[in-house]
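All remarks here apply to the structure that follows.
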Amino acid sequence: MFNFQFHNPTKILFGKEVISKIAAEIPPQSRILITYGSGSIKQNGVLDQVLSALQGFKVEQFGGIEPNPSFETLMQGVALARARNINFLLAVGGGSVIDGTKFIAAASLFDGDPWSILEQWGAPIKGALPFGAVLTLAATGSEMNSGSVISHREWKIKRPFSSPHVFPRFAALDPCTTFSLPPRQVSNGVVDSFVHVTEQYLTYPVGGKVQDRFAEGLLLTLIEEGPKALTQPDDYDVRANLMWASTLALNGLIGAGVPGDWSTHMIGHEITAAYGLDHAQTLAIVLPAVLTVKKQEKREKLLQYAERVWGLREGSEEERIDRAIMETRNFFEQMQVRTRLSDYGIGPESITHLVNQLSKNGMTRLGEHRDVTPVISRRILQLCL
Ligand code: NZQ
Ligand code: ZN
């Protein structure tokens, strides 16, 4: 196992009605800016719960953060936060709202052009406004991590940034908030969480038994509970398990001390930037192709995955690996997320553009061995058609 440091400062409040307890996590006298998306929190009563929990605080609101949050919109949030002397942000929504709030938090205190936060990984951020999160969509893990992905609408660019300054101070996770999700977003959340786990698990063995078994436990839970969230949408325990699995999938725990392969995400981001697909749709398309192209390098872990996650013990090694990749694709399809570019009307003409964008964004040495070059990305994308 590699040496590692593990530090996660986000406090989790989990369960029914935890939103009523958030005031205790916010410094008294704070001037709070509630950030949200297109308004689902008004329809499902979450905003009302938040406002009633924050009685006594000075509260402003900033709505309109889009899925795949845009730099352009977020800069309006920065202007508002600065103009109103906001000193605490509260993100209420899914990954896009939380990611967007991380950007507002960092950009509000940033000296210079805030776009430069997105120009290099581990941007030169020296501080950020403190913020909390009320999660309404189990998917990204953003509620308990220090990463964020922001899009520039005009330039059609989607870029990640990360900084220890943008860990949420706390996250309120009430699974009941997810009952109002449309099935498409429930499915997206399961697929996104699943791929977060595989990207930290399907690499090569380093003797990280704890990380491996945590990862396998999360995958098995997603496989078991994900379809139930579609067929038994009112089941609290199903929603609770999915919510906790998605948070643990990307809060640093299973990735500590083991290699990671984020090529599926990075290639997926280009598909979203160019064609507007949902984040999870891109992952469902790209992951099976990455596993197929990198079969040899990932051989041992794929065999372990085949056996421990899919129960495959019969047949040659090659057959078991191919079956495991097929089961993965079938699971995404079972979750109603299509797994081919052609399912979304995207043809072979897209590939050169996507590969060029990867190069332009510096994504030229992806994967756990840093050997997913533009040539390999092209091969992966060809298998996605
Ligand atoms: O706009 P609102 O009203 O919030 O509606 C949203 C949006 O339309 C809706 N929604 C959320 N909660 C709801 C609800 N509708 C009804 N009831 C509820 N309880 O769902 C739609 C999608 O929301 P969004 O926040 O975009 O989804 P998600 O949580 O999947 O976030 C995706 C974004 O996160 C980034 C992705 O790239 C994408 O931009 N990611 C962030 C990561 C991180 N910070 O660690 C890692 C991920 O890999 C991912 O890249
Ligand atoms: Zn993701």
Side-chain angles (χ1 to χ4, degrees), residues 8 10 19 34-47 49 62-71 73-74 91-103 133-153 157-163 166-168 171 173-200 229 233 239 242-243 246-247 249-252 255 260 262-273 276-284 286-287 337:
N8 192 313
T10 305
I19 295 172
I34 294 176
T35 51
Y36 64 95
S38 68
S40 61
I41 62 163
K42 293 184 179 166
Q43 279 136 35
N44 60 14
V46 172
L47 180 60
Q49 290 181 55
F62 177 71
I65 299 177
E66 322 82 336
N68 307 303
S70 77
F71 175 77
T73 301
L74 299 171
V92 186
S96 294
V97 171
I98 302 174
D99 281 11
T101 304
K102 290 175 178 177
F103 184 79
V134 173
L135 184 66
T136 64
L137 197 173
T140 63
S142 186
E143 65 278 8
M144 200 181 176
N145 71 34
S146 57
S148 166
V149 195
I150 305 299
S151 298
H152 197 296
R153 280 282 175 282
I157 292 177
K158 183 168 177 173
R159 290 241 177 105
F161 81 96
S162 152
S163 161
V166 297
F167 273 108
L173 275 53
D174 180 346
C176 298
T177 61
T178 67
F179 284 135
S180 60
L181 282 168
R184 168 168 153 190
Q185 298 302 342
V186 173
S187 297
N188 280 348
V190 172
V191 170
D192 193 19
S193 310
F194 191 96
V195 177
H196 293 157
V197 179
T198 60
E199 289 188 293
Q200 298 162 93
R239 300 292 182 143
L242 290 178
M243 198 171 233
S246 68
T247 300
L250 198 53
N251 73 344
W262 297 98
S263 52
T264 298
H265 264 72
M266 296 311 143
I267 297 171
H269 287 169
E270 299 305 345
I271 300 174
T272 296
L277 268 61
D278 292 351
H279 173 61
Q281 293 171 336
T282 70
L283 307 177
V286 179
L287 180 71
V337 184

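Hydrogens, waters and symmetry mates are skipped; everything else that's a heavy atom, side chains included, is used. Start at 1 and go down the list; that is how both ligands and their atoms are numbered. Model, not experiment: these values are computed from the prediction.
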Going through the checks in order, is the side chain to side chain contact (heavy atoms under 4.5 Å, CB included) test met by I150 and F161? CA-CA 8 Å; I150 305 299; F161 81 96; 4.2 Å; yes
Polar protein atoms (N, O or S) that approach the Zn ion (ligand 2) to under 2.8 Å: D192 OD1, H196 NE2, H265 NE2, H279 NE2
Side chain to side chain contact (heavy atoms under 4.5 Å, CB included) evaluation trace for T136 with I41: CA-CA 8 Å; T136 64; I41 62 163; 4.2 Å; yes
Taking the side chain as every heavy atom from C-beta outward, state whether T35 and V92 have any atom pair closer than 4.5 Å. no
Take the angle between the ring planes of F71 and F103 and call it parallel below 30°, perpendicular above 60°, tilted in between. perpendicular
Do F167 and N8 pass the side chain to side chain contact (heavy atoms under 4.5 Å, CB included) test, and can you show the C-alpha distance, the side-chain angles, and the key distance before you say yes or no? CA-CA 8 Å; F167 273 108; N8 192 313; 3.8 Å; yes
Residue from N188, T272, N68 passing side chain to side chain donor-acceptor pair (under 3.5 Å) with D278: N188
Does the side chain of S96 pick up a donor-acceptor pair with the side chain of E66 at under 3.5 Å? no
Mind listing the closest non-hydrogen atom pair of S193 and A139 along with its distance? OG-O, 3.3 Å
Modelled atom types, side-chain donor and acceptor of E143 and T247, under 3.5 Å: yes
Anything with a heavy atom under 4.0 Å from ligand 1 counts, so go ahead and list those protein residues by chain and number. G37, S38, G39, S40, N44, P67, N68, P69, G94, G95, S96, D99, T136, L137, A139, T140, S142, N145, G147, S148, V149, K158, T177, S180, L181, P182, Q185, D192, H196, L250, H265, H269, H279
